Asks: 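Below is the structure I would like to discuss, written out as structure tokens.
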Amino acid sequence: MTDQIQKAISREYEAGFTSSIESNTFEPGLDEEVIARLSAIKGEPQWMLDWRLKAFASWKKMPEPHWAHIDYPKIDFQAISYYSSPKSMDDKPKSLDEIDPELLATYEKLGIPLLEQQMLAGVAVDAVFDSVSVVTTFREKLKEAGVIFCSISEAIKEYPELVQKYLGSVVPRTDNYYAALNSAVFTDGSFVYVPKGVRCPMELSTYFRINEQNTGQFERTLVIADEGSHVSYLEGCSAPQRDENQLHAAVVELVALDDAQIKYSTVQNWYPGDEQGRGGIYNFVTKRAMCHKNAKVSWTQVETGSAITWKYPSCILRGDNSVGEFYSVALTRGRQQADTGTKMIHLGKNTRSTIISKGISAAQSNNSYRGLVKMMPTAEGARNYTQCDSLLIGDQCGAHTFPYIESRNPTAIVEHEATTSKVSDDQLFLCQQRGINSEKAVSMIVNGFCKEVFKQLPMEFAVEAGKLLEISLEGSVG
Amino acid sequence: MLSIKNLKASIAGKTILKGLDLTVNPGEVHAIMGPNGSGKSTLGYVLSGREAYIVEEGSILFEGVDLLTMGIEERALAGLFLAFQYPLEIPGVSNLEFLKAAVDAQREARGEPLMSSKEFLNAAREACKAVRLPTEFLKRGVNEGFSGGEKKRNDILQMLMLQPKLCILDETDSGLDIDALKLVADCVNSQRDAKRSFVVVTHYQRLLDYLKPDYVHVLSEGKIIKSGGPSLASELEEQGYAWLDRQPGEEKSL
């Protein structure tokens, strides 16, 4: 029976194709000159280059972190190319008609049509291909509402005062090894600003695609929700199947000012490597939100890809009554390793946080939840609830939980619940005896396990996430 | 419907069935009784194709087709249903979702159009009524937190929804109170027709009083050692199984 479980969970990586797009790619290597060149190509102002160089200087002095429950050979940061852009982007296209058809076809293949008329109604997309943002849809419509949604490169030039004010305000340049590296070499990413009191009229979404070999992707996303505004943002990721490992080190900063709400969802499907563990993306990501008074930030993530995932979307609950949420599904198969979780730092009075983490491990993979809940002395009446569930499929995988709780305020309440369960042969037999094939049965059980998190995703993406986990939601009529 | 010849089967190297013969015709109800450890549950598992059980010898034909070449789902889709002695829980998967997946799979296999959600929901509600489970149970996880009796009734509910051709009930009556027992019997009786057959494994006369089987068989040490009409069950109830051991050679009247 275990064979059948194996079969049900071993699925080909569908986004693994490569696109033949001519590109301008830097020679591998990293020094001040490379950073200056990168900054020059992007036509950045001096302050931006200075910021990058400061970050680089700090990075050089920092040791690589090794505390996570993951194992990988040493990364040679000089063997990576730090910039790659499709050639046809040199003269930035004015409209979608001018975009390389091969590039459009790539996104088409991934199920992300960029032509606006074909878009999912109500979703604006920013597409990032290797190091550059290739297109941002629905910009005009968003502009009417006063919402700025563009690539971070454009924002640096067009909205320098906003970028200068907030870039690095949540994740400082020197925050950690990968954040420092990203600060030095980030190439593109998305920028969102929602003005005071505005409810963003549509879902915003960024799709990241790594295409070139030996390139790293270092994107930087900055979302600013001004007082009383609302925005929902989704990012999706994929990469071709390659034998070498590729590095992805992103930084996402969210700023939720007083009474603002940000919902940030991720469907991460980077190439996970093959069954023997060859290739795959190393995903080292720093995501953090600053929550001001009465603000609410909700992180929802569905992580199915990457050879290594190192990621802890966090909330700093600075303002009184602010709310942080983290809903996560992490599925590991093959030889994937995931060390993921969250940090909830309670500073304000009556701040609340909820953590729901669902880890699913199959085959020889390792899945770890790592979470920190910190109640500072100022966090009067703060509350946290953490629920951490692991589901094991087969008998060669591992699930680990590393909760860290620090409470320095006697009025704060912290709750933690954890469970571990297993998809049993008996359960599969019951399903099959009723005519349900083992693949569908595993899907149903996994889907049932993840329900609490899936219902947090925007509708279209819940479906996408379900598909990613081989789950057909068609059967659920209740 | 079902023709078992000289079936020998083992689990973990231990032979449990040691040459079992049984023929079930369409529309018949067969009761199988016998002491603990005689192989009654093994028979259900072997028929449904559970991997751990190895068939060493013999043949099983289901509607003329060799059952032993078929996988678990294939057998299920061909109309073979097993009600479990200890129904399992599948937390997180709602009863309704589970039933819909099973009914869809069955219809798909038969090339029939799938039921609409509304049609399906109505059918599921009817089935709930028949087994007297509140319809709220449809939204709960499969058998999740159900009492023993509720689990058994839930198995019968699945039977009502799937409309199988051959139903194997493995001690469905154990752990049921008298009212529940009658209810299960009524459900089974309501499903009896000229085409549907039942193999009912039980320890007790009482279920058979309600079911009125066509045949009663005694399974002992992996073989059917005696077969007879409904009256055999009453004899067993009165005298136990021991007397049968003293009458070798009287087996197989079918």
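Below, chains carry the letters A, B, ... as their sequence lines are ordered, and counting in each starts from 1. Just so you know, these numbers come straight off a predicted model, no measurement behind them.
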Asks: Looking at A:K451 and B:E97, is any side-chain nitrogen of the basic one under 4.0 Å from a carboxylate oxygen of the acidic one?
Replies: yes
Asks: For the interface with chain A, which of B:L88, B:L114, B:L82 has the highest count of heavy-atom pairs at distances below 4.5 Å?
Replies: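 When all of B:L88, B:L114, B:L82 are compared, B:L82 has the most.
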Asks: Inspect the surroundings of CZ in B:R140 and state if more than 12 heavy atoms from other residues, nucleotides or ligands are less than 6.0 Å away.
Replies: yes
Asks: If you take all heavy atoms of B:A76 and A:Q432, which pair is closest and at what distance?
Replies: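 Distance-wise, the nearest heavy atoms are CB-O, 3.5 Å.
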Asks: Under the side chain to side chain contact (heavy atoms under 4.5 Å, CB included) rule, what do A:C431 and B:I90 come out as? Steps first, then yes or no, please.
Replies: CA-CA 9 Å; A:C431 292; B:I90 311 182; 3.7 Å; yes
Asks: Do B:F98 and A:L430 have side-chain heavy atoms sitting under 4.5 Å apart?
Replies: yes
Asks: Could you state the interatomic distance from CE (A:M444) to NZ (B:K100), rounded to the nearest 0.5 Å?
Replies: 12.5 Å
Asks: Of all of B:A105, B:P164, B:P87, B:A102, which one pairs up most often with chain A through heavy atoms under 4.5 Å apart?
Replies: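 Most heavy-atom pairs under 4.5 Å with chain A: B:A102.
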Asks: Could you check whether atom NZ of A:K343 has more than 12 heavy atoms from other residues, nucleotides or ligands sitting under 6.0 Å from it?
Replies: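 No, the 6.0 Å shell around NZ holds no more than 12 heavy atoms from other groups.
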Asks: Heavy-atom pairs under 4.5 Å with chain A: which of B:V103, B:V93, B:L162 has the most?
Replies: B:V93
Asks: In Å and rounded to the nearest 0.5 Å, what is the CZ to CZ distance from B:F81 to A:R434?
Replies: 3.5 Å
Asks: Is there side-chain contact between A:F429 and B:S48, with heavy atoms separated by less than 4.5 Å?
Replies: yes
Asks: Is the shortest heavy-atom distance from the side chain of A:I436 to the side chain of B:E73 under 4.5 Å?
Replies: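 No, every pair of side-chain atoms sits at 4.5 Å or beyond.
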Asks: Is it the case that atom NZ in B:K129 sees more than 12 heavy atoms from other parts of the structure closer than 6.0 Å?
Replies: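 Atom NZ in B:K129 is not crowded, with 12 or fewer foreign heavy atoms closer than 6.0 Å.
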Asks: Is B:L80 close to chain A through its backbone or its side chain, or both, or neither, when contacts mean heavy atoms under 4.5 Å?
Replies: both
Asks: Looking at B:R50 and A:D426, does any basic side-chain N land under 4.0 Å from a carboxylate oxygen?
Replies: yes
Asks: Might you confirm whether atom CZ of B:R192 has over 12 heavy atoms from other residues, nucleotides or ligands at distances under 6.0 Å?
Replies: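 For B:R192, atom CZ is crowded (more than 12 foreign heavy atoms under 6.0 Å).
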Asks: Does A:Q427 reach the main-chain N or O of B:E89 with its side chain, forming a donor-acceptor pair under 3.5 Å?
Replies: yes
